[in-house]
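Here's the structure we're looking at; comments come further down.
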Amino acid sequence: MFTSGTSARSWSIHRFVEMGGSSKVELITPLSSNSPIDAYLKKNPSGGLHHICIDVDDIHEAVKRVRSQGVRTLTEEPKIGAHGKPVMFLHPKDCNGVLLELQQK
């Protein structure tokens, strides 16, 4: 079953398609030239995959676990993400070039 919706943030518009279960594809459009998404599109003018989000039961425990394995995070503490839940991004250089987002369930 597919459903879709749109949400606006201060720097982007999110359009998403729920694929069933907990899977969804999110399309993000920058609203300003100083947003993280705009910076990504300047580096990758054809677009592409920006990041993969993984839901975790306990964001603090998940961050502790990945840091213990030598994975760097982009911020010191989790922040509230696009869906109103705590998130933490992992450094792509430590994740085979992929930006990973951990999100509290």
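Excluded from the calculations below are hydrogen atoms, water molecules and symmetry mates; all remaining heavy atoms, backbone and side chain alike, are included.
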Check: Does the side chain of Thr29 come within less than 4.5 Å of Ile37's, by heavy atoms?
Finding: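 Of all side-chain heavy-atom pairs linking Thr29 with Ile37, none is under 4.5 Å.
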Checklist line | Heavy-atom side-chain contact between Glu77 and Pro86 under 4.5 Å | finding: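 Side-chain contact under 4.5 Å: no.
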Check: Going through the distances and angles, do Ile80 and Val87 end up as a side-chain contact (heavy atoms from CB on, under 4.5 Å)?
Finding: CA-CA 6 Å; Ile80 300 301; Val87 301; over 6 Å; no
Where is the tightest heavy-atom contact between [X] and [Y], given as atom of each residue plus distance?
{"X": "Met88", "Y": "Pro78", "answer": "CE-N, 3.4 Å"}
{"X": "Leu90", "Y": "Val71", "answer": "CB-CG1, 4.0 Å"}
{"X": "Leu41", "Y": "Gly47", "answer": "CD2-CA, 3.9 Å"}
{"X": "Ala62", "Y": "Leu102", "answer": "CB-CD1, 4.0 Å"}

Check: Yes or no on side-chain contact (heavy atoms from CB on, under 4.5 Å) for Ser33 and Lys42, after CA distance, side-chain angles and deciding distance?
Finding: CA-CA 10 Å; Ser33 60; Lys42 286 177 180 167; 4.3 Å; yes
Roughly how far, to the nearest 0.5 Å, is the [atom2] atom of [Y] from the [atom1] atom of [X]?
{"X": "Leu100", "Y": "Cys95", "atom1": "CG", "atom2": "SG", "result": "4.5 Å"}
{"X": "Leu99", "Y": "Phe89", "atom1": "CG", "atom2": "CZ", "result": "5.5 Å"}
{"X": "Leu74", "Y": "Asp94", "atom1": "CG", "atom2": "CG", "result": "9.5 Å"}

Next item on the list: Walk me through it: do Thr73 and Val63 pass the test side-chain contact (heavy atoms from CB on, under 4.5 Å)?
Entry: CA-CA 8 Å; Thr73 57; Val63 168; 4.3 Å; yes
Next item on the list: May I ask you to decide if Ser46's main-chain N or O and Asn44's side chain share a donor-acceptor pair within less than 3.5 Å?
Entry: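 Such a contact is absent between Asn44 side chain and Ser46 backbone.
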Notebook entry, point to check: Partners of His50 by ring pair (Phe, Tyr, Trp, His ring centres under 6.0 Å), sequence neighbours excluded?
Noted result: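 Applying ring pair (Phe, Tyr, Trp, His ring centres under 6.0 Å) to His50 gives Tyr40.
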Check: Restricting to pairs with a member in residues 96-105, which pass side chain to side chain donor-acceptor pair (under 3.5 Å), not counting sequence neighbours?
Finding: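 Counting only pairs at least two positions apart or across chains, the side chain to side chain donor-acceptor pair (under 3.5 Å) contacts touching residues 96-105 are His51-Glu101, Asp55-Gln103, Asp57-Lys105.
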Item checked: Neighbour count >12 (heavy atoms, 6.0 Å) for atom NZ, Lys85 ->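 Counting other residues, nucleotides and ligands, NZ of Lys85 exceeds 12 neighbours.
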